[in-house]
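Below is one structure; the comments refer to it alone.
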Amino acid sequence: MTTISSARLEWLEDQVRLWQGDGTIDARQSEAILGRYAASTRRLPVVRLLTAIGGLFVGVGVIWLVAANIESLSPTVRVVAVAFVWLAALVGAEVLASRSAPPPLVGTVRLLAALLVGALVFQSAQTLQVPAYEPLLVGCWAAAALVHAYAVEALLPLLVGVTAGTVYVLWASLETAWSGLAFVVSLGGYGLAALAVAALHARWLPAFATAWREVGALLVLVAVTVGAFPPVVAEDWEPGAGTWGLLAAAGLLGAAGLARGTALDRAELGIGAAALAGSVGLVLWEASADGTADLNGADVTHAVLGITLCAGAAIALAVDGTVRPSGRLTVLATAALVVVTTLQAFTVFAPVLEGAWLFLVLGVVLVGTGLAVDRGRRRLAEAL
């Protein structure tokens, strides 16, 4: 018997009654169809959210507790204490999973273990007299969380690993000097690599493919949003070996994704690559709009191109979310479009449309954009 949501089961029951009413199926066939499905008894998303947040708080609390009492403990005791709690969480999660414990509980303990491995990395580094404020330690945390995620095929440790990996990439890229171009290239390159990894996971681990895809889309959209923001400029940035390595990895993964992915996977990679290239071009342009009255044609052109680039990427990802289907992709795309439109309005067009007129025009644009995106999504869903 297949379990589906209560809403889908109600829809199916209505359809079966209609089919039976017009003579398409008889009563026995109707009973046979409905007998194959049952309402899902999974916990509400709110419950899963609360347990995940609870696990996050426990992990932070343990790290904080160790940090607060660190001076009263010897280095060896510190490492042993954190390692013990981490191992207890790691093993405890799998014991709970083997005994068919509620998935939210198992997920919470796995999340706790993924957080604690970061505490173990930092505590071990401090004990070995390794500088604590180094991006390499965050990279080690990301690697450990990813190993954990793939070993037990768990999504929450995967998200911890991807998040720590994002922090590592940005920290390593911006460690020497801040540059808008460094931010866009690093974040966009990491997002493109994530989209490629999603393409490679499509047939292997579909759940992981979805997570990597949505993370990649988020990072690419953030890169586009930052790149389209006029005050963000290239400055005197010289990419280091880490940046070139990231771009090389993204290129290799992208080539593998193009070779092994589906047509939709290849389209996503194309969207990500085009969005990253366009964002880099906008940053290199270095428009001068900064909220002053000195607005020229180049500033307006830069703003229009920025909105157009973001709109193109957002609409493409919204369509992708409808085809998959993935509501989160559509939400991310719409949010990115709203943020870019708002930023451009207050940085470029504010000198032209002051006060109430700016808010009025911006409100009309946002409402129109929301309605247009929603209508397009619905029509595409109906066509499919």
Side-chain angles (χ1 to χ4, degrees), residues 1-52 94 96-108 110 152-156 158-159 195 198-215 217 257 260-268 271 315-334 370-384:
M1 180 177 293
T2 303
T3 58
I4 58 177
S5 66
S6 300
R8 288 192 175 186
L9 183 59
E10 291 177 4
W11 174 85
L12 180 60
E13 291 172 345
D14 293 337
Q15 295 300 309
V16 168
R17 281 195 293 267
L18 291 175
W19 298 337
Q20 186 176 349
D22 61 19
T24 303
I25 59 176
D26 56 28
R28 187 179 62 181
Q29 292 171 323
S30 173
E31 183 178 352
I33 292 173
L34 293 177
R36 299 183 61 180
Y37 300 93
S40 174
T41 58
R42 293 184 302 175
R43 292 175 180 260
L44 293 174
V46 174
V47 175
R48 293 197 295 272
L49 176 62
L50 289 176
T51 54
E94 303 318 307
L96 291 172
S98 66
R99 296 183 177 180
S100 300
L105 177 60
V106 177
T108 300
R110 283 174 172 167
V152 299
E153 297 187 8
L155 280 175
L156 288 177
L158 175 68
L159 295 179
L195 291 175
L200 297 175
H201 281 67
R203 297 183 179 88
W204 173 31
L205 287 173
F208 277 27
T210 300
W212 279 109
R213 182 180 303 111
E214 292 173 353
V215 168
R260 298 184 59 85
T262 64
L264 194 54
D265 294 327
R266 290 191 284 272
E268 291 167 351
I271 294 168
I315 291 172
L317 289 173
V319 171
D320 184 32
T322 301
V323 174
R324 284 289 178 185
S326 174
R328 287 184 292 269
L329 279 179
T330 304
V331 171
L332 288 175
T334 305
L371 293 176
V373 171
D374 185 66
R375 182 178 181 183
R377 180 188 63 80
R378 290 178 182 272
R379 296 185 68 174
L380 179 61
E382 292 173 358
L384 294 174

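Please read all numbers here as calculations on a predicted model, not as lab measurements.
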Discussion item. Rounded at 0.5 Å granularity, tell me how far CH2 in Trp19 sits from CG in Leu12.
Written reply: 6.0 Å

Item to complete: Sequence neighbours left out, what passes side-chain hydrogen bond (donor to acceptor under 3.5 Å, both in side chains) with Arg17? Give chain and number order.
Response: Asp14

Worksheet item: Does Glu153 have any side-chain hydrogen bond (donor to acceptor under 3.5 Å, both in side chains) partners at least two apart in sequence or in another chain, and if so, which?
Response: none

Practice prompt. Work out which heavy atom in Ala217 is nearest to a heavy atom in Leu317; give both atom names and the distance.
Written response: CB-CD1, 4.1 Å

Discussion item. A quick test of your reading: do over 12 heavy atoms of other residues, nucleotides or ligands sit less than 6.0 Å from CZ of Arg266?
Written reply: yes

Fill in: CG on Leu264 to CZ on Arg213, rounded to 0.5 Å
7.0 Å

Discussion item. Applying side chain to side chain contact (heavy atoms under 4.5 Å, CB included) to Leu195 and Trp212, what does each step give before you reach the verdict?
Written reply: CA-CA 6 Å; Leu195 291 175; Trp212 279 109; over 6 Å; no

Worksheet entry | With sequence neighbours excluded, residues passing side-chain hydrogen bond (donor to acceptor under 3.5 Å, both in side chains) with Gln29 | none

Worksheet item: Rounded to the nearest 0.5 Å, how far does CG of Leu205 lie from OG1 of Thr210?
Response: 10.5 Å

Fill in: Atom pair CG/OG1 of Asp265 and Thr262 - distance to nearest 0.5 Å
3.5 Å

Worksheet item: Which value, rounded to the nearest 0.5 Å, describes the distance between Leu156 atom CG and Thr108 atom OG1?
Response: 7.5 Å

Worksheet item: Counting only heavy atoms not in Glu31, do more than 12 fall under 6.0 Å of its CD?
Response: no

Worksheet item: Which atom names give the shortest non-hydrogen contact between Ala211 and Leu159, and what distance separates them?
Response: CB-CD2, 4.4 Å

Response to the item:
Between Ser30 and Val16, the two heavy atoms sitting closest are OG-CG1, 2.7 Å

